Amino acid sequence: MEDDAPVIYGLEFQIHIIDFDDENNIISKNVLLHQVGEIWHISASPADRGVLATCYNNTSDSKVLTCAAVWRMPKELEPGSHESPDDSSSTAHTLELLCHLDNTAHGSMACVAWEPTGDGKKVISLADNHILLWDLQESSSQAVLASSASLEGKGQLKFTSGRWSPHHNCTQVATANDTAVRGWDTRSMSQIYCIENAHGQLVRDLDFNPNKQYYLASCGDDCKVKFWDTRNVTEPVKTLEEHSHWVWSVRYNHSHDQLVLTGSSDSRVILSNMVSISSEPFGHLVDDDDLSDQEERRPEEKSQEPPQDSVIATYEEHEDSVYAVDWSSADPWLFASLSYDGRLVINRVPRALKYHILL
């Protein structure tokens, strides 16, 4: 969050860019006009700080369709910019439309996910029961549909969320529809795994462990957060049951994957320490092969059992459903949460835990 990593969130017809000055504990805001419709989803390009995608409502012929487009914010508002915008709190700035992700043949867009690494020219969009892979060309002014796949089955199948894995050379995407979680290979657009009843009710969100290539977190309306090893999806590796209502959002810390944030309709944000299934269960980086060779450890090493998973803190500053939580990309100890009533809360990992992890 700091000056080079703002929080971005959408209000009806607006996007607010929030800058957090950590040293002085000051929050400042810039407003971007989004005149094409009410925003339901925002995702920022990992390759270009000034580019973002939105999913928004578009009403035509009395029909409401959720569309998607790629935008560029004004240069002076880009994270890390040294240009000073005019009177930032009162002046509304205009977004530059780069291109539409044409979904007229596929239905309403649920979300857009950017390729985690690379040049920011590949995005996945989920539209009803279609998963669409786009190539952004001509300086992102044109979106070309490269390939697609569809959910097959009975009833009206619709994707609710998706996440692009940073592992496997960015060739895998996870999606959620109803109670199921599926994995897809972007090279062939074929399904590679399916967790048919991942949750007892609707799956709301997904996130990949940034350090363990096969680990995926999911959350849903059954009030649970589940952790999966995608090589064996018959049972979750771990389940959290700390929330009392729908869990809307789950996020791994980018640097220390034992730290997991969740946000729920119970108005709470919970920070958990999932150390037993992290890449640092013994206080240092351990890969999957190391864990499978535990029988070969020396007796003195065997006595060093990993600490127990636990809830680190429960944050109750919100008075309404918490729809989104996320970590700062600039400071691994800083995170933000956003609730239905528009309240944005910025918090820090407790200092004692921070030093316990570092030292």
Side-chain angles (χ1 to χ4, degrees), residues 40-41 43 55-57 63-68 101 103 105-113 123-133 147-165 172-186 188-208 214-252 260 262-266 321-325 340:
W40 287 96
H41 184 266
S43 54
C55 296
Y56 59 91
N57 279 357
K63 292 183 179 179
V64 178
L65 188 68
T66 307
C67 302
L101 303 181
N103 61 321
H106 302 104
S108 285
M109 293 284 193
C111 70
V112 173
V123 295
I124 285 279
S125 67
L126 304 178
D128 283 351
N129 66 323
H130 302 282
I131 177 170
L132 311 168
L133 175 62
S147 55
S148 64
S150 300
L151 279 176
E152 304 294 340
K154 297 178 181 178
Q156 288 187 317
L157 300 175
K158 287 187 177 183
F159 289 113
T160 53
S161 66
R163 202 77 173 162
W164 201 321
S165 172
Q172 293 188 13
V173 172
T175 62
N177 70 285
D178 197 21
T179 62
V181 173
R182 302 168 195 272
W184 304 81
D185 188 321
T186 58
S188 59
M189 296 303 279
S190 58
Q191 194 171 290
I192 49 179
Y193 59 82
C194 177
I195 313 171
E196 201 63 63
N197 290 295
H199 287 263
Q201 297 179 50
L202 184 71
V203 180
R204 292 277 177 188
D205 198 20
L206 305 166
D207 198 26
F208 282 98
Y214 298 105
Y215 276 60
L216 173 70
S218 64
C219 63
D221 285 2
D222 58 0
C223 313
K224 297 177 182 178
V225 180
K226 296 187 179 184
F227 300 88
W228 307 90
D229 183 335
T230 58
R231 294 167 297 183
N232 180 10
V233 295
T234 53
E235 293 289 336
V237 177
K238 208 85 176 178
T239 301
L240 283 178
E241 300 185 47
E242 300 295 335
H243 286 288
S244 59
H245 209 271
W246 305 341
V247 187
W248 283 83
S249 186
V250 58
R251 286 291 178 271
Y252 278 103
V260 177
T262 53
S264 165
S265 293
D266 63 12
S321 296
V322 180
Y323 283 166
V325 293
Y340 176 74

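Since this is a predicted model, take the numbers as computed values, not measurements.
The salt bridge (Lys or Arg N to Asp or Glu O under 4.0 Å) search around K224 returns none, not counting sequence neighbours. Applying the salt bridge (Lys or Arg N to Asp or Glu O under 4.0 Å) test to D178 and every residue at least two apart in sequence or in another chain returns nothing. Every residue two or more places apart in sequence or in another chain that forms a side chain to side chain donor-acceptor pair (under 3.5 Å) with T66 is listed here: N57. Listed by chain and residue number, nothing satisfies the side chain to side chain donor-acceptor pair (under 3.5 Å) test with S147 (two or more places apart in sequence, or in another chain). Annotation: ring pair (Phe, Tyr, Trp, His ring centres under 6.0 Å) contacts of Y56 (sequence neighbours excluded): H34. The ring pair (Phe, Tyr, Trp, His ring centres under 6.0 Å) check on W248 picks up Y323, with sequence neighbours excluded. The side chain to side chain donor-acceptor pair (under 3.5 Å) search around H106 returns none, not counting sequence neighbours. Judged as a side chain to side chain donor-acceptor pair (under 3.5 Å), and not counting sequence neighbours, N103 has no contacts. D266 meets the side-chain contact (heavy atoms from CB on, under 4.5 Å) test with H243, S244, H245, S264, R268; sequence neighbours excluded.
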Take C55 and M109, measure what side-chain contact (heavy atoms from CB on, under 4.5 Å) needs, and give me the verdict at the end. CA-CA 6 Å; C55 296; M109 293 284 193; 4.0 Å; yes
Determine whether R204 and V247 satisfy the following criterion, side-chain contact (heavy atoms from CB on, under 4.5 Å), listing intermediate values before the conclusion. CA-CA 7 Å; R204 292 277 177 188; V247 187; over 6 Å; no
Residue pair I124, W184: steps toward the side-chain contact (heavy atoms from CB on, under 4.5 Å) verdict: CA-CA 11 Å; I124 285 279; W184 304 81; over 6 Å; no
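Taking the side chain as every heavy atom from C-beta outward, F159 and D128 never approach each other to under 4.5 Å. Under the 4.5 Å side-chain criterion, counting only non-hydrogen atoms from C-beta, L132 is not in contact with L101. Looking only at side-chain heavy atoms (C-beta outward), N177 and N129 stay at 4.5 Å or farther from each other.
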Check residues 189-202 and write down every donor-acceptor pair under 3.5 Å in which the side-chain atom is one partner and the other belongs to a residue at least two apart or another chain.
residue: S190; atom: OG; partner: S188; partner atom: OG; Å: 2.5
residue: Q191; atom: OE1; partner: R182; partner atom: NH1; Å: 3.3
residue: N197; atom: OD1; partner: T179; partner atom: OG1; Å: 3.4
residue: H199; atom: ND1; partner: D222; partner atom: OD1; Å: 3.0
residue: H199; atom: ND1; partner: D222; partner atom: OD2; Å: 3.1
residue: H199; atom: NE2; partner: S218; partner atom: OG; Å: 2.7

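We find the CG-OH distance between N232 and Y214 to be 13.0 Å, quoted to the nearest 0.5 Å. Taking CZ of F208 as the start and OG of S165 as the end, the distance is 4.5 Å to the nearest 0.5 Å.
Residue pairs meeting the side chain to side chain donor-acceptor pair (under 3.5 Å) criterion with at least one partner in residues 151-164, sequence neighbours excluded, are R163-D207.
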